[in-house]
Amino acid sequence: QVHVVESGGGSVQSGGSLRLSCAASDTVNNYCMGWFRQAPGKEREGVASMRSDGSTGYAISVKGRFTISRDNVKNTLYLQMNSLKPEDTAMYYCAASRSGSCYNHPLSLYPYTYWGQGTQVTVSS
C-alpha cells in the first residue's frame with residue numbers, strides 16, 4: 001500500500017496562488033493519483049487527477065486555473081492553484097488508487113483507497 005501526506009495549504013487572498021504537495025511512500029506513477037476537496041457541509045469532490053500513464057483530468061470548476069503534476073524521483077504529487085476564489089476554500093486531500101476503474105472515472109471517489117489527512121486551503125475575498 002501507499003501512504004500519502006499533504007502539505008502546502010494555507011490562507012490566501014482571492015486571486016492568489018498556492019501549491020500543494022503530496023508526498024507518497026511509493027512510486028507515484030504506479031497509481032492513479034488525485035486531488036479532492038471537501039468544504040463544510042458539502043460532499044467531497046474530485047478536483048484534479050493524474051493517471052498512471054501521466055494523463056490528467058480536471059473538474060470544470062478549476063480547469064484553466066489548477067495544474068496537477070508529479071515528480072517521479074521525489075515520489076511527490078503537486079497541485080498548482082492559481083487565480084484562487086473563495087469557493088475554492090476547502091480541505092484538500094491527496095488520494096491514490098490501483099483500481100482499474102480509476103482510469104475511466106479518475107475524479108470519482110470510489111476507485112481511491114489510499115487517502116491523506118488533508119491540508120486546509122482558505123481563500124479570502
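Here the structure is a predicted model, which means the values were calculated and not measured.
Geometrically, Arg37 does not engage Tyr92 in a cation-pi contact, judged by NZ or CZ lying under 6.0 Å from the ring centre and within 45° of the ring axis.
Shown here for Pro111 and Cys102, the closest heavy-atom pair between the two residues is CB-CB, 3.6 Å. For the pair Val47 and Val62, the tightest heavy-atom approach, listed with the atom from each and the gap, is O-CG2, 3.5 Å. Pairing each heavy atom of Ser52 with each of Asn30, the nearest pair is CB-C, 4.3 Å.
Around the CZ atom of Arg98, the shell of radius 6.0 Å holds no more than 12 heavy atoms that belong to other residues, nucleotides or ligands.
Side chains of Ser97 and Ser99: a donor-acceptor N/O pair is absent below 3.5 angstrom, by distance only.
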Side chain to side chain contact (heavy atoms under 4.5 Å, CB included) assessment of Thr27 paired with Asn75: CA-CA 5 Å; Thr27 309; Asn75 289 330; 4.0 Å; yes
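Within the model, atoms CG of Leu20 and CD of Gln80 stand 9.0 Å from one another, a figure rounded to the nearest 0.5 Å.
For the pair Pro106/Tyr112, a side-chain contact is recorded, criterion being any heavy-atom separation below 4.5 Å from C-beta on. Within the 4.5 Å cutoff, the side chain of Cys94 has heavy atoms near those of the Trp35 side chain. When side chains are defined from C-beta on, Met81 does not count as touching Asp88, because their heavy atoms never get closer than 4.5 Å. Leu107 is not listed as a side-chain neighbour of Tyr58, based on a closest heavy-atom distance of 4.5 Å or more. Annotation: side chain of Thr119 is not in contact with side chain of Ser7 (no heavy-atom distance under 4.5 Å).
Between the Tyr31 side chain and the Met50 main chain, no donor and acceptor come within less than 3.5 Å of each other.
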